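Comments concern the structure below.
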Amino acid sequence: QVQLVESGGGLVQPGGSLRLSCEASRNILRIIVMGWYRQAPGKERELVAQIIGGGRTNYADSVKGRFTLSRDNAKNSVYLQMNSLKPEDTSVYYCYVQSSVRDYWGQGTQVTVSS
């Protein structure tokens, strides 16, 4: 029943790196957008990065230059390489997929940046 499988979250020190992975079920067809959102306690959920259609990417200003989004169409997966992590990056990160039919959300993976 799980449509999106997330991995890669964890605890890292400031300045460190993490790589988030999201594998979409092959039952999900006609994917238009893949990406990541995040939501910290008491805050609104915000877009972190997304990749659209032919490969155009969008990044939140707060992560631009530090995070890199990529995809592997053969594996129906998207990856978020997070470098130079800051405490303010601490959040629950949610994979999302938009298909031609509906949206899908991952269960969320915790990223904690702390010394």
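The structure presented is a predicted model; accordingly, all values stated were derived computationally and were not measured.
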*asked:* Could you check whether any side-chain heavy atom of T112 comes within less than 4.5 Å of a side-chain heavy atom of V12, counting everything from C-beta outward?
replied: no
*Quick one: CG on L4 to OG on S25, what's the gap to the nearest 0.5 Å?*
8.5 Å
*Would a 4.5 Å heavy-atom cut-off, applied to side chains only, mark W36 and C22 as touching?*
yes
*Give, for atom CD of Q3 and atom CD of Q107, the distance between the pair rounded to the nearest 0.5 Å.*
11.0 Å
*For the pair R30 (side chain) and S99 (backbone), establish whether a donor and an acceptor sit closer than 3.5 Å, ignoring hydrogens and angles.*
no
*In terms of hydrophobic clustering (I, L, V, M, F, W, Y; side-chain heavy atoms under 4.5 Å; direct or indirect links), are I31 and V48 co-clustered?*
yes
*Judged by atom type as modelled, is there a donor-acceptor pair below 3.5 Å linking the side chain of S91 to the main-chain atoms of A40?*
yes
_Are the side chains of V92 and V111 in contact, using a 4.5 Å heavy-atom criterion?_
no
_Does E88, at its CD atom, have more than 12 non-hydrogen atoms belonging to other residues, nucleotides or ligands within less than 6.0 Å?_
yes
*Counting N and O atoms only, with roles assigned by atom type, does the side chain of Q13 sit under 3.5 Å from a partner on the main chain of S115, one being a donor and the other an acceptor?*
no
*State plainly whether one hydrophobic cluster holds both I51 and Y59, where clusters connect Ile, Leu, Val, Met, Phe, Trp and Tyr through side-chain heavy atoms under 4.5 angstrom apart.*
yes
*Heavy-atom closest pair, residues A24 and M34*: CB-CE, 4.3 Å
*Quick one: sort the F67 and Y93 rings into parallel, tilted or perpendicular, breaks at 30° and 60°.*
tilted
_Spacing of S17 atom OG and Q81 atom CD [to the nearest 0.5 Å]_ = 5.5 Å
*asked:* My understanding is that only one of T90, T109, D89 makes a side chain to side chain donor-acceptor pair (under 3.5 Å) with R38; could you say which?
replied: D89
_L47 and Y96, any side-chain heavy atoms less than 4.5 Å apart_ = yes
*What closest approach, in Å, do T57 and L69 show between heavy atoms, and which atom pair accounts for it?*
CG2-O, 4.4 Å
*For the side chain of Q98 and the backbone of R102, is there at least one donor-acceptor N/O pair under 3.5 Å apart?*
no
*Min side-chain heavy-atom separation Q39-E46 under 4.5 Å*: no
_Tell me whether the NZ or CZ atom of R71 lies within the 45° cone about the ring axis of Y79 and under 6.0 Å from its centre._
no
_Side chains of L85 and L18 in contact at under 4.5 Å (non-hydrogen atoms)_ = yes
*Cluster check Y94, I52: I/L/V/M/F/W/Y, side chain < 4.5 angstrom*: yes
*Close side-chain approach of T68 to L80, heavy-atom, < 4.5 Å*: no
*Taking atom types as modelled, is there a side-chain donor on Y37 or Q50 under 3.5 Å from an acceptor on the other?*
no
*Note: E23-K75 ion pair, threshold 4.0 Å (strictly below)*: no
*Distance-only, no hydrogens or angles: does the D72 side chain make a donor-acceptor pair with backbone N or O of S77 under 3.5 Å?*
no
*Do the non-hydrogen side-chain atoms of M82 and L20 ever get within less than 4.5 Å of each other?*
yes
